[in-house]
Amino acid sequence: MYYPHDFKRVRGELYCEQVPVARIAEAVGTPVYIYSHKTLVDHLRKLQAAFRTLRPLICFSVKANGNLAILRLLVREGAGLDIVSGGELFKALRVGCPPSRIVFASVGKRPEEIRESLRAGIFCFNVESAPELDAVDRIARAMGRTARVALRVNPDVEAHTHRYITTGVAESKFGIDPRTAVELLRRAETFAGVRIVGLHLHIGSQITQAEPFVRAIRRVAEVLKAGRHAGAPLEWLNLGGGLGIIYKNERPQTPQQFAAAVLPLLRPLRARLILEPGRFIVGNAGILVTEVLYVKQARGKRFAVVDAGMNDLVRPALYGAYHEVIPAVQPARAASGLARYDVVGPVCESADVLARNRRLGPVKPGHLLAVLGAGAYGSVMASNYNGRLRPAEVLVRGRRFALIRRRETVRDLIRHDVMPRALLR
Ligand code: LLP
C-alpha cells in the first residue's frame with residue numbers, strides 16, 4: 001500500500017491504532033465513524049515533507065471533514081484551512097486557525113460571507129468569476145479594507161476522475177477561463193479594494209496521476225506570466241486539492257511522485273505554494289462501523305442489512321463509489337465458505353447499497369462490518385433522510401479514544417421545525 005493507515009487486523013480483530021474497533025462500537029453504539037489520529041498526522045506530514053523545499057501553506061479542505069476535533073488537530077500540526085462558506089469560516093475560527101492561514105473558495109460567496117471573512121482577516125479569497133471580483137472589491141472598499149485575492153483559473157483539462165468531481169473542464173461552473181483571467185489581471189489596478197496576489201487551480205478530486213496537474217500548471221503558468229508582465233503582484237500559486245487515494249486497486253501517485261512531477265514546473269515560477277488537500281489527509285484515516293441487523297436471502301441473492309445507510313455515507317449511492325467492507329471481527333475459520341453479499345442500509349431507496357456482491361461470509365446478525373476509506377466526504381455528507389440520526393464520531397490516539405461528535409437524538413430531528421399555530425388551526 002502506498003498510504004499505510006493505522007487500521008490493522010490483530011488475531012482476527014480489527015484495530016484502530018491500539019484500540020479494538022469492536023470495543024468502540026460497544027461503548028458508543030453503531031453506526032460510528034472512527035478516525036486514527038496517527039494516520040491524519042502522518043498524511044499531513046508526508047505532504048509537508050514532499051514539498052519541503054517550497055515550504056508550502058497546506059490548507060486542509062474543511063469540506064472533506066469538518067469535525068472540530070479533526071480540524072483542531074490538523075491546525076495544531078501547522079495546517080491552514082480551505083473553506084467554502086460562512087459556516088466553515090465559523091468552524092475554522094472556532095478551532096483557532098490563524099486567519100492568515102484561511103483561504104476561501106466557492107462560486108457563490110454571499111455578501112455577508114465576504115464581509116465576515118474580511119472582518120476576520122482571512123489570507124485570501126479564491127475568486128471564481130468577474131462579477132464576484134467586483135463584489136469583493138465593492139464590499140472591501142465599503143469597509144475600508146483591501147481584500148487579498150487569487151483568481152481561480154479554469155485550465156480546461158480533463159482530470160480523468162468521476163464526472164461529478166471533475167472541476168477543471170471548460171463546461172464546468174468553476175473558475176475563470178485563462179483569457180478572461182489575463183484581462184482581469186491587466187485591469188487589476190482598477191479594483192481599489194482588491195489586491196490580486198495569486199492564482200488558484202482545482203481541477204477535480206480523486207486524481208491518481210500527476211499528468212492532469214502538470215497540464216493545468218502549464219496553462220496557469222502562462223496566465224501567471226502574462227499577469228506579471230501586466231504588473232500584477234502574483235506571489236502565490238494555489239494548486240487546490242484532488243490527490244487520489246486507494247479505495248480498491250487504484251495506484252495513486254505518492255506525495256513524493258506528485259512533488260517530483262510538479263516541482264520542476266513550479267520552481268521557475270518563483271511563486272509561494274498553497275495546497276488544499278482533503279481526501280488525501282482524511283480519506284483512509286476514517287472508517288464507518290455498522291452492525292448487521294438481518295441477513296436476507298432472495299432469489300439466490302444474499303443481503304446483509306446493516307444499520308448504516310446512504311444517509312450516513314452517500315458516496316456509493318451518489319457516485320457509485322467503491323468502499324472496501326470487512327468484518328470487524330473475523331470468524332474463526334474465515335477462509336471457508338465465503339458467500340457473496342450486497343451490504344444494504346435501511347433507507348427506503350434502491351440506491352441504498354453500501355457495497356455490492358462482496359465476499360464476506362459467514363455474516364450473522366450482530367456482526368460488525370467496517371466500511372473503509374470513509375474519512376473524507378463521509379460524515380460531512382450525512383443527512384437525516386428517513387428520520388435517521390446522524391452517527392457518532394470517535395477519535396483514537398494510541399490506546400485512548402474519545403467521542404468527537406455525539407450521536408444525534410430525536411430532539412435534533414425536530415430542533416428547527418416550527419408548527420405555526422395560526423396556519424395549522
Ligand atoms: N479545493 C477545492 C477548491 C475543492 O473544490 C475541493 C474539493 C478540494 C480543494 C479538496 O479536494 P480533495 O483533495 O478532497 O480531492 N464529495 C466528493 C468530492 C467532492 C470534492 C469537492 N471539492 C466525493 O465524495 O468524492
Side-chain angles (χ1 to χ4, degrees), residues 3 40 43-44 46-47 56-66 70-71 74 79-85 88 92 102-109 124-129 132 150-155 159-169 172-176 198-209 212-213 216 220 237-248 250 252-253 255 258 273-286 288 310 312-323 354 371 373-383:
Y3 311 128
L40 286 161
H43 287 166
L44 176 63
K46 276 190 184 129
L47 261 186
L57 173 58
I58 299 182
C59 293
F60 173 68
S61 198
V62 176
K63 68 175 83 63
N65 192 310
I70 289 176
L71 299 181
L74 292 171
L81 296 174
D82 156 42
I83 62 167
V84 286
S85 65
E88 289 188 351
I102 298 176
V103 295
F104 185 2
S106 153
V107 289
K109 301 179 187 74
C124 184
F125 293 86
N126 295 330
V127 163
E128 308 232 10
S129 67
E132 187 198 329
L151 297 184
R152 175 167 178 178
V153 176
N154 182 326
H160 307 302
T161 181
H162 193 286
R163 70 190 167 87
Y164 283 10
I165 52 177
T166 186
T167 48
V169 291
S172 104
K173 70 175 176 178
F174 298 101
I176 304 173
L199 298 177
H200 175 230
L201 273 179
H202 174 75
I203 55 174
S205 198
Q206 183 55 16
I207 303 169
T208 52
Q209 303 304 320
F213 288 101
V220 89
L237 184 57
N238 181 336
L239 293 188
L243 290 180
I245 63 167
I246 298 171
Y247 287 103
K248 190 179 186 182
E250 299 88 344
Q253 56 196 325
F258 176 55
L273 181 65
I274 300 178
L275 299 170
E276 299 172 340
R279 191 187 315 266
F280 177 78
I281 291 185
V282 75
N284 55 28
L288 173 64
M310 63 190 285
D312 302 298
L313 177 68
V314 77
R315 302 193 71 256
L318 188 56
Y319 312 115
Y322 181 97
H323 285 265
L354 291 175
V371 184
Y377 308 105
S379 63
V380 275
M381 294 178 83
S383 78

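The figures here come from the full heavy-atom set of this structure, side chains too, leaving out hydrogens, waters and symmetry mates. Order of listing sets the numbers, starting from 1, for every ligand and every atom in it. Because the structure is a prediction, the values reported are computed rather than measured. Here, residue 1 is the first one in the sequence, and each next residue gets the next number.
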Quick check: does [X] get an N/O under 3.5 Å from an N/O on ligand 1?
X: Ser61; answer: no
X: Arg152; answer: no
X: Gly278; answer: yes
X: Gly242; answer: yes
X: Tyr319; answer: yes

Problem set entry | Full working for side-chain contact (heavy atoms from CB on, under 4.5 Å) between Val282 and Leu40 | CA-CA 6 Å; Val282 75; Leu40 286 161; 3.6 Å; yes
For ligand 1, which atoms have a heavy atom of [X] less than 4.0 angstrom away?
X: Pro277; result: 13 (O)
X: Met381; result: 16 (N)
X: Glu276; result: 1 (N), 2 (C), 3 (C), 8 (C), 9 (C), 10 (C), 13 (O)
X: Arg279; result: 12 (P), 13 (O), 14 (O), 18 (C), 23 (C), 25 (O)

Problem set entry | Glu276 side chain to Ser61 backbone, donor-acceptor under 3.5 Å | no
Exercise. Where do Asn284 and His43 come nearest, in terms of heavy atoms and distance?
Worked result: OD1-CE1, 2.8 Å
Exercise. Closest approach of Leu71 and Gly66, non-hydrogen atoms and distance?
Worked result: CD1-O, 3.7 Å
Exercise. Do the charged groups of Glu88 and Lys63 touch, with an N to O distance under 4.0 Å?
Worked result: no
Exercise. Considering residues at least two apart in sequence or located in another chain, which fulfil the ring-ring contact (aromatic ring centres under 6.0 Å, His included) criterion with Phe258?
Worked result: Phe51, Phe213
Seminar exercise, completed: Hits for ring-ring contact (aromatic ring centres under 6.0 Å, His included) against Tyr247, two or more places apart or cross-chain, chain-then-number order -> His323
Exercise. When you look for heavy atoms under 4.0 Å from ligand 1, do you find them on the side chain of Leu318, its backbone, both, or neither?
Worked result: neither
